[in-house]
Amino acid sequence: MSQKEKALMAHLLRRAGFGATARELEAYVVKGYEATVEELLHPEQAPPALEDEDLLKRYHVDSNNLLMMESCQTYWLYRMINTRRPLEEKMALFWHGLFATGYTKLNHPKAILNQVEMFRRRGLGSFHTLLVELSKDPAMIFWLDNKDNHKGAVNENYGRELLELFSMGVGSYTETDVRQASHAFTGWTLADVSLHAARSERDSIWPYGRLDWQFQYRADDHDDAEKVFLGHKGTFNGEDIIDVICRQPATGRFIARHLYNFFVADEPQVPAWQTVPPRDPEAIDILANAFFKNKYDIRSVMRVLFNSYFFKNAAFAKVKSPTEFVVGTARLAGGHSFPNVEDLRLASETSNMGQQLLDPPSVEGWHTGMEWVTTGSLISRVNFAADEFADATKPGVRDIISRIRDQEDHSSPERLVDACLNLMGPLDVPDDTRQDLIAHASAAGDLRFDSEETIRSSADRIVELLQVIAATREYQLA
Amino acid sequence: MRTGIRFRYSHTVGFMSLQGGRGFGNPVDLAFDRDGVMYVVSRGGSDSEEMTISKRVTKCTVDEKYLGQFSSGGTGDGQIMWPSSIAIDVDDNVYVSDEALHRISVFSKGGEFLYKWGVQGEGEGEFDRPAGLAFDRDNNLLVVDGLNNRVQRYTSEGRFLSQWGSGGGGEGELNMPWGITTDQGGNVYIADWRNDRIQKFDAEGKYLASWGTPGPGDGEFNRPSGVAVDSEDNIYIADWGNERVQVMAQDGAFIAKFRGESGLSKWADEYFTTNQDELEEREKANLEPALDLPPEDYLRQESANIEKLLWGPTTVKVDDQGRVYVVDTGRARIQIYQREP
């Protein structure tokens, strides 16, 4: 297995999942790059995401009724760490950022988690189907006020964001189009909306906790008058509007740029896209063409993306989001593989780093790239990683120690640093960083494993080096 | 199917309260003292610091008179993190198992912390996620030691006496057992959670019988979590993953099942007395809507939508008056059924 193959596979798994351990990487490399891409693209053919979800619900009793925000966040993070369907979860995270729906307005975190479950089911399928499901999604209907969009009193909030933030982007439609789209989505509401709105408004959990919301189409409240939308005329309902949206070149390019920003390399923030051209216009063209050539099939677009030269050449061109950092670090260290009372910490950690899952700051979602990096968030990252790697009995840490011990010449600080960088990525650090790490590793001399005491002290030194590497610039990148 | 034994829904005790006081927060078990007072242990809304107050033992009566609470979330003496079961001895002392702290905490009837024992491990006097608790005829405490796949027996002071059980799927073997009870003859019944069955042992731990196979049908179980036996030796099972309670005879004959019939408890009624606008909305709404749900995990999602249904029922208890108490964990209440005369 060449180092290049391994590095490329690690890059793929950081983007299409949440990173891979050395053991996982070896298995993927044997399988081959394209075969691995195909496997990732078909989560429905993999075993269920969690080996035994009931375990989680037994021990984290609160992850059964999912009443509390932190319970829902912990549930999702635990699932991301332990999933056997990494791309399914990564796509759900992508769509959660794009179709940003937040707890603060809903007071119903399970409703957003139900939306995330819909992203798992639909996230790699037709974008058309996804938009239809999104328009029927109870959390979205509540979040963007489509429950208040009536035949005689139109609320344009959902119609506007559907065009501006979810499909085409600013500048590709008129105010008339917004109004017409909104008319088409009248009657798309929730069952028993009045009760649910009243309970949400007062954050009522009484008498017996929250009730799930269900979509309801009310024909009597739907405006079936003729509409003109983006030059097309008809008695459009919501699905007809989505038909037209999906055919628009702007939609293909907008989704392509979002996919590029999330999976390939950091772009400027979305509001700047009107004026700032894409970092790689040719890549956007390739992805947009794949979108239309495959009738809006996201799986096909992702296949093109992961097999493209621009993807393969984009290693470490992104700042890890807090979720990617927390989940990837936990996976690498091997913690949180069995439900534990400490799991709740995962949710507070991503929040401390600037990403409160299930509660994005606005309908625009999170600002990404370098905006993830602040002094405070960096300290949170470094501290979290230090804690995760601190326990040498964790399976992932133990495996790293064992691999270093088993290599032919494990004693010199140079070899130790290179081995750790390799096992934590592989990470490619600048020479001055490598020299700093070597200087750090040299302070206590060569590693030895010839007595109980040296085995223990060597393990401690490896742990310490893992903690230092987790604080490097390169470890913050995906 | 065994005929002639019928049950009707009686009433519901409790409602959701995460701030302490009247009500429960993810209740997981209950027990009665000699005066018939009900002690309900709540695992709490979550494990966050703000939710420590929601972890507690609530004292109330079957007709919903609130009598107080004790303990709270935390790791100190007298505190609980992942309480799993509660049992009361002949002196009315109260024992609570804790799956996070791997210990048994003992309280007086009034809620004063008395003592504790247990640390994480596999040895005698050690636990790995202690779950169900039950007292035997000699006032010794049986503790289901969940991840060690065994049952340990202690004196009420916490002195180790004996143990039995090992991991596996064969006769007498256990796989992450949860609930436990004893019958009048001193036999022991265990909800063998991950083996989807109920197993019966004699008082010394000798295997006697087993009921159930995985599935949703009558006599089948999906991760049973709790078990109780009445004075006629009928067996009541909290069929956790099937979101129901089943009743069966000793020969395995199916008797009855409860999916949930809850109405409003007294405390819930009182909430609506001061929140009339919410009550009005509720009365206009359809609380049993037709659902269009994906087939995966259907029962659990159905329970998330329809309020009267059981949602993650953890424990079932019976008393000598023919009442069946179902700890309806997800809905923070106790649903009570009454055997028909």
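Throughout, protein chains are lettered first and strands after them, A, B, ... in sequence-line order, and every chain is numbered starting at 1.
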Residues of residues 352-359 of chain A under 4.5 Å from chain B (heavy atom pairs)?
none

With a 4.5 angstrom heavy-atom cut-off, which part of A:Arg58 approaches chain B: side chain, backbone, both or neither?
both

B:Asn305 and A:Gln214: side-chain donor and acceptor closer than 3.5 Å?
yes

For the backbone of A:Asn65 and the side chain of B:Trp311, can you confirm whether one donor and one acceptor N or O come within less than 3.5 Å of each other?
no

Using a cut-off of under 4.5 Å on heavy-atom pairs, state which of B:Gln301, B:Met51, B:Lys284, B:Arg194 scores highest against chain A.
B:Arg194

Taking the six-membered ring of A:Tyr208, is the NZ or CZ of B:Arg331 close enough (under 6.0 Å from the centre) and on axis enough (within 45°)?
no

Heavy-atom distances under 4.5 Å only: say whether B:Thr12 touches chain A with side chain, backbone, both or neither.
side chain

Let's test your reading of the structure: which of B:Asp277, B:Thr329, B:Asp297 forms the most heavy-atom pairs below 4.5 Å with chain A?
B:Asp277

Residue part contacting chain B, namely of A:Leu211, when any heavy atom lies under 4.5 Å
both

Selection from B:Met176, B:Arg129, B:Arg282 maximising heavy-atom pairs under 4.5 Å formed with chain A:
B:Arg129

Salt bridge or not for B:Arg223 and A:Asp52, using N-O below 4.0 Å?
yes

Side-chain (A:Asp192) to main-chain (B:Asn286) donor-acceptor, under 3.5 angstrom:
yes

Between B:Phe272, B:Trp178, B:Phe24, which residue shows the highest count of heavy-atom pairs closer than 4.5 Å to chain A?
B:Trp178

Is A:Asn340 in contact with chain B via its backbone, its side chain, both, or neither, using a 4.5 Å heavy-atom distance?
both

Considering only NZ, NE, NH1 and NH2 on the basic side and carboxylate oxygens on the acidic side, decide whether A:Asp54 and B:Arg300 come within less than 4.0 Å.
yes

Would you say the side-chain atoms of B:Arg43 pair up with the backbone N or O of A:Tyr59, donor to acceptor, closer than 3.5 Å?
yes

Any residue of residues 130-143 of chain A which, by heavy atoms, sits under 4.5 Å from chain B
none

Structural part of A:Leu67 lying under 4.5 Å from a heavy atom of chain B
side chain

